[in-house]
Amino acid sequence: MRGAYLISSNGNPSIGGGWNNQQLLKDCGLVPYLLHKNHGFHSVMVGIKVDADYPYLEYVRGLELDFLPEDTLKARINYIDSHAGYIDLLILYGAYPAYIPLVEHYKKIRPDGKIYLATDMNIAWGDRIPHENPAYKNFLHSCDVIAASCRATQKYLSAKWSVPVDLIRNGWYNFFKVKFDDVSKENIILTVGRIGSNQKQNHILLEAFAKVAKDLPNWKVRLVGGIEENFKPYIEKFFSAHPDLRERVIFTGLIENKSALMEEYKRAKIFCLSSNFEGAPNVAAEALFGGDFVICSDVDAAGDMTDDENCGKIFPIGNVDALAKIFLNVCRDEKLISNGGRNARDYAREQFDANKIVARLNYLLYGGDAN
């Protein structure tokens, strides 16, 4: 049995040196889990303890968590020293320079070991990577598979880094046995994420809807996710300016129950992402499997999210008027929405099925099954 170990970076402020409960069901947890479940790996996620408990371990049975005593390079080096014989595959999430000494140490001990680097980045982040640094070049060349999660980033990194970069999308796995048959769609525009964060630019969505709400009297907007504190004054100001929308713009708060979250996607006819930057968000696969017509800003993964507009529309980042016009045209065209939703499901099953994605990764690494 091969061992696959996903080790966090102490250079990643968004992860904070470890893995949280939510990430067990996202791509960073999904890949090692499916390597275990479908391909016989002993899979372990390594980092400091971030959450008090990890209830999602119930859904990823067989995936293990190992907690480091401290968030330091030394702790990670010590972990590799004591587990090197089991780490046949080292998985790295994020192209952080902090991984460089970790990879150097691992390769000294396990020159036969393989490394999978999931870059998890957008192009703007890629611009800041010190790819000309000799140590970073060596780091990249030490990786057996380097992956980007959307086509634009893959093309960009392949040219900039002069190393092969594969397209490995952030997929979706039906942990909760959600059924999509005979779905009854409603006139809902849905968004999911950290509501009010600078990245998500939710005010663009709200202002665009406000412009056309009178022309679309039967439509509602549902914003799912925890609300940033600094966004709450904007919400009150928005409703003061548009009191008639208080019953039509609904903030649900965070929905932790994943079955309930998928019901939101199933109910909605449209999913809208108004971000000013993204890599390849996990919500894309969820929305596509939910059969939503996807409207998104022109972020790196926009073409991947909409299948080049075969199941959605793309608007310029930050352009309220353009988004409002799309809402007006799309919401009035039931045939367009219906066809787009069917195309989304077909596209999701073909390109975002996590089982297929991880099977391909296993093939790239080992040329077949791991057993």
Side-chain angles (χ1 to χ4, degrees), residues 183-225 227-228 231-252 264-278 281 283-284 286-288 290-299 302-303 305-344:
V183 174
S184 179
K185 290 284 192 178
E186 301 175 32
N187 290 342
I188 292 172
I189 299 168
L190 172 70
T191 195
V192 178
R194 301 183 312 280
I195 304 302
S197 68
N198 177 63
Q199 177 187 5
K200 299 304 178 183
Q201 296 286 288
N202 298 114
H203 67 284
I204 300 296
L205 163 59
L206 294 175
E207 298 296 338
F209 182 69
K211 279 181 173 287
V212 296
K214 289 183 179 179
D215 297 309
L216 303 172
N218 298 319
W219 281 81
K220 295 181 178 181
V221 173
R222 289 178 67 84
L223 299 97
V224 175
I227 302 173
E228 300 284 321
F231 194 61
K232 291 178 180 178
Y234 169 82
I235 294 174
E236 286 307 311
K237 184 178 179 181
F238 175 82
F239 283 135
S240 294
H242 308 285
D244 54 315
L245 297 183
R246 284 188 180 272
E247 302 300 318
R248 296 176 58 194
V249 174
I250 298 100
F251 293 86
T252 70
E264 294 283 342
Y265 288 108
K266 286 171 61 178
R267 287 174 59 196
K269 288 182 179 178
I270 292 172
F271 178 83
C272 181
L273 186 80
S274 52
S275 300
N276 56 5
F277 67 92
E278 291 281 356
V283 293
E286 294 170 349
L288 292 167
D292 299 349
F293 188 95
V294 176
I295 299 173
C296 69
S297 51
D298 194 12
V299 293
M305 290 179 64
T306 63
D307 190 20
D308 295 326
E309 297 195 301
N310 286 317
C311 56
K313 293 290 182 182
I314 301 169
F315 69 96
I317 291 172
N319 193 321
V320 172
D321 290 336
L323 179 56
K325 184 177 180 180
I326 289 174
F327 282 159
L328 200 60
N329 292 337
V330 172
C331 292
R332 287 172 163 175
D333 193 337
E334 188 59 40
K335 184 177 180 181
L336 177 66
I337 293 175
S338 179
N339 289 342
R342 282 194 297 270
N343 291 344

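At least one side-chain heavy atom of Arg332 sits less than 4.5 Å from a side-chain heavy atom of Asp215. Two residues are said to be in side-chain contact when any heavy atoms from C-beta on lie closer than 4.5 Å; Ile337 and Val330 meet this criterion. Put simply, the side chain of Gln199 reaches to within 4.5 Å of the side chain of Phe277, judged on heavy atoms. Residues Tyr234 and Asn202 form no side-chain contact, since every pair of their non-hydrogen atoms from C-beta on lies 4.5 Å or further apart. Using a 4.5 Å heavy-atom cutoff, the side chains of Cys296 and Thr306 are in contact. Taking 4.5 Å as the limit, every side-chain heavy atom of Phe251 sits out of range of all side-chain heavy atoms of Val224. Proximity of Phe209 to Arg248: side-chain heavy atoms (C-beta onward) are separated by under 4.5 Å at one or more points. The shortest distance between side-chain heavy atoms of Lys269 and Trp219 falls below 4.5 Å.
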Verdict with supporting geometry, Ile227 and Ile235, side chain to side chain contact (heavy atoms under 4.5 Å, CB included) | CA-CA 10 Å; Ile227 302 173; Ile235 294 174; 3.9 Å; yes

Show your working on side chain to side chain contact (heavy atoms under 4.5 Å, CB included) between Cys311 and Phe293 and close with a plain yes or no.
-> CA-CA 6 Å; Cys311 56; Phe293 188 95; 5.8 Å; no

Show your working on side chain to side chain contact (heavy atoms under 4.5 Å, CB included) between Leu273 and Val294 and close with a plain yes or no.
-> CA-CA 8 Å; Leu273 186 80; Val294 176; over 6 Å; no

Given the rule in the side chain to side chain contact (heavy atoms under 4.5 Å, CB included) test, do Ile204 and Phe315 qualify, once you have shown the distances and angles that lead to the verdict?
-> CA-CA 11 Å; Ile204 300 296; Phe315 69 96; 4.3 Å; yes

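No donor-acceptor pair under 3.5 Å is formed between the side chain of Arg194 and the backbone N or O of Glu228. Here the side chain of Ser274 pairs a donor or acceptor atom with the backbone of Gln201 at under 3.5 angstrom. In terms of modelled atom types and a separation under 3.5 Å, the side chain of Lys185 and the main chain of Ala268 share a donor-acceptor contact. In this structure a side-chain-to-backbone donor-acceptor pair under 3.5 Å is present from Thr191 to Cys272. Between the side chain of Asp298 and the main chain of Pro316, no donor-acceptor pair closer than 3.5 Å is present. At least one donor-acceptor pair under 3.5 Å links the side chain of Asn310 to the backbone N or O of Asp307.
Applying the side-chain contact (heavy atoms from CB on, under 4.5 Å) rule to Ala208 yields the partners Val320, Leu323, Ala324, Phe327; only residues at least two apart in sequence or on another chain are considered. Considering only residues two or more places apart in sequence or on other chains, Lys335 meets the side-chain contact (heavy atoms from CB on, under 4.5 Å) condition with Asp333, Asn339.
Using a 30° and 60° split on the angle between ring planes, Phe271 and Tyr265 fall in the tilted class, from 30° to 60°.
Using a 4.0 Å cut-off between charged nitrogen and carboxylate oxygen, Lys211 and Asp321 count as a salt-bridge pair. A salt bridge does not link Lys266 to Asp292: none of the charged side-chain nitrogens sits closer than 4.0 Å to a carboxylate oxygen. A salt bridge does not link Glu186 with Arg222: none of the charged nitrogens is closer than 4.0 Å to a carboxylate oxygen.
With rounding to the nearest 0.5 angstrom, the NZ atom of Lys214 is 9.5 Å from the NE2 atom of His242. Distance NZ/Lys232 to CD1/Ile195: 12.5 Å, rounded to 0.5 Å. Summarising the geometry, atom CG belonging to Leu336 is positioned 9.5 Å from atom CG belonging to Asn343; distances are rounded to the nearest 0.5 Å. Note: Lys325 NZ to Lys313 NZ = 10.5 Å, rounded to the nearest 0.5 Å. Note that NZ of Lys237 and CZ of Phe231 are 12.0 Å apart. Values are rounded to the nearest 0.5 Å. Taken to the nearest 0.5 Å, the CG atom of Leu245 stands 9.0 Å off from the CG atom of Leu206.
Counted by atom type alone, Asn187 and Lys220 present zero donor-acceptor pairs between their side chains at under 3.5 Å. Side-chain contact, Glu278 with Ser275: a donor N or O sits under 3.5 Å from an acceptor N or O.
Smallest separation of non-hydrogen atoms from Val249 and Phe239: O-CZ, 3.6 Å.
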